Amino acid sequence: MRLSLKYFASLRETLGPGGALDWQPAGEPTAEALRAWLRTQSDAHAQALAPGRAVRVAVDQALADEATPLRDGAEVAFFPPVTGG
Amino acid sequence: MSMASRVRIQEADFDVGAELAALQGDRTDVGAVASFVGCVRGHTTEDDVSALTLEHYPGMTERAIEAMIVEAESRFGVQGALVIHRVGRLLPGERIVLVATMSPHRRDAFQACEFLMDYLKTHAPFWKKETTPEGERWVDARVADDAAAQRWGLASTNAGGGQGGEGGAR
């Protein structure tokens with residue numbers, strides 16, 4: 001499946017802004033499965049997206065959780081907890 | 001009021017008086033206009049912050065705040081609302097955010113304003129980076145902000161909960 005991947009804040013600084021991604025999920029295509037697969041892509045990814053780290057996910061520009069299913073063409077963003085206002 | 005004009009993400013400063021006057025316009029059925037202005041707090045005894053740099057998620061940030069205003073309208077007797085949030089590099093004393101609400105009576109305007117601010121702090125994609133004498137650092141999310149959002153019955157695990165980790169303990 002083809003996804004549009006985005007990173008923000010500290011994740012953008014270590015992993016770059018993201019971009020188009022071709023991903024062949026082994027099982028159910030969820031946000032959690034994508035995060036787990038991304039961890040295998042480099043040491044930086046493994047560290048930034050480690051299971052114990054507070055990483056939030058948005059799917060198609062709406063806050064989501066790890067179980068959220070991904071559809072072909074989805075925009076998926078990973079970022080730290082938000083700190084605006 | 002159009003949906004496009006009541007949520008603005010911009011680098012430029014804003015004129016609070018002009019914005020409040022424009023929000024009310026020539027309406028004569030408004031009894032209360034409440035507003036909140038958030039400012040960059042720097043050079044305090046706890047933190048020697050010389051600048052803040054704010055980042056957002058273009059598209060999602062605007063959509064998230066618009067949804068917050070719709071929620072505020074469903075909960076309170078809100079006649080209109082405005083949210084302006086600045087991004088980019090800001091110095092101590094500069095304005096970061098304006099939230100303004102209006103209603104026939106003060107209680108709804110006050111509550112809607114506080115609700116929007118609590119919601120924004122925990123659900124709108126913005127990130128702050130502080131510049132200090134020791135260098136730059138990303139600001140950690142605060143569990144107290146989740147608690148503030150939860151007072152309104154909003155599910156909020158921005159800083160705490162979820163996958164936990166280092167963001168949740170401050």
Side-chain angles (χ1 to χ4, degrees), chain A residues 3-21 30-40 44-68 70-71 73-85, chain B residues 9 36-39 52-65 67 83 85-87 96-99 116-130 136-143 145-146 148 155-170:
Chain A
L3 300 172
S4 174
L5 182 65
K6 290 176 183 275
Y7 297 113
F8 291 96
S10 55
L11 291 179
R12 176 185 51 74
E13 284 184 334
T14 49
L15 305 178
L21 174 71
T30 62
E32 170 60 31
L34 175 63
R35 181 173 164 181
W37 179 82
L38 289 167
R39 281 198 293 270
T40 67
H45 286 77
Q47 192 170 8
L49 300 171
R53 295 193 73 147
V55 174
R56 304 296 173 239
V57 61
V59 176
D60 292 326
Q61 301 194 355
L63 284 175
D65 60 41
E66 302 272 287
T68 301
L70 305 180
R71 58 166 183 84
E75 179 174 305
V76 184
F78 292 99
F79 44 76
V82 304
T83 53
Chain B
I9 315 298
F36 172 85
V37 177
C39 306
L52 271 189
T53 305
L54 280 116
E55 178 175 333
H56 76 303
Y57 182 168
M60 179 177 166
T61 306
E62 292 86 344
R63 287 174 54 164
I65 297 173
V83 175
H85 202 299
R86 295 177 69 192
V87 292
I96 302 179
V97 60
L98 169 67
V99 174
L116 283 172
M117 209 43 229
D118 288 342
Y119 204 164
L120 189 153
K121 299 246 352 159
T122 50
H123 290 71
F126 290 101
W127 301 274
K128 282 177 186 152
K129 183 191 247 185
E130 294 174 337
E136 295 193 321
R137 65 182 181 219
W138 291 98
V139 174
D140 281 334
R142 298 169 66 239
V143 172
D145 289 331
D146 282 330
S156 186
T157 54
N158 176 53
Q163 300 93 54
E166 72 259 84
R170 293 285 285 268

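Numbered from 1 within each chain, the chains take letters A, B, ... in sequence-line order. These numbers were taken from a predicted model, which means no experiment stands behind them.
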Between [X] and [Y], what is the shortest heavy-atom contact and its length?
{"X": "T83(A)", "Y": "W127(B)", "answer": "OG1-CA, 3.3 Å"}
{"X": "P81(A)", "Y": "A141(B)", "answer": "CB-CB, 3.5 Å"}
{"X": "H123(B)", "Y": "V82(A)", "answer": "N-CG2, 4.0 Å"}

| task | For residues M60(B) and K6(A), determine if any side-chain heavy atom of one lies less than 4.5 Å from a side-chain heavy atom of the other. | result |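 Counting from C-beta outward, M60(B) and K6(A) never come under 4.5 Å.
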
| said: Given heavy-atom pairs under 4.5 angstrom as the criterion, report whether the side chain, backbone, both or neither of A124(B) touches chain A. | reply: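 For A124(B), backbone heavy atoms alone lie under 4.5 Å from chain A.
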
| chain A contact via T53(B) - side chain, backbone, both or neither, heavy atoms under 4.5 Å | neither

| task | Side chain from CB out, backbone as N, CA, C, O: work out which of these in A62(A) comes under 4.5 Å of a heavy atom of chain B, or both, or neither. | result | backbone

| Any sub-3.5 Å donor-acceptor pair from K129(B)'s side-chain atoms to S10(A)'s backbone N or O? |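 Not a single qualifying donor-acceptor pair exists.
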
| task | Report the option among R86(B), H85(B), R63(B) that has the most heavy-atom pairs separated by less than 4.5 Å from atoms of chain A. | result |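 Highest number of heavy-atom pairs under 4.5 Å: R63(B).
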
| task | Please identify each residue that fulfils side chain to side chain donor-acceptor pair (under 3.5 Å) with E75(A), with sequence neighbours left out. | result | Q61(A), Y57(B)

| query | Taking atom CD of Q47(A) as the centre, does the number of heavy atoms from other residues, nucleotides or ligands within less than 6.0 Å exceed 12? | reply | no

| field | Residues that D65(A) engages under salt bridge (Lys or Arg N to Asp or Glu O under 4.0 Å), provided they are two or more places apart | value | none

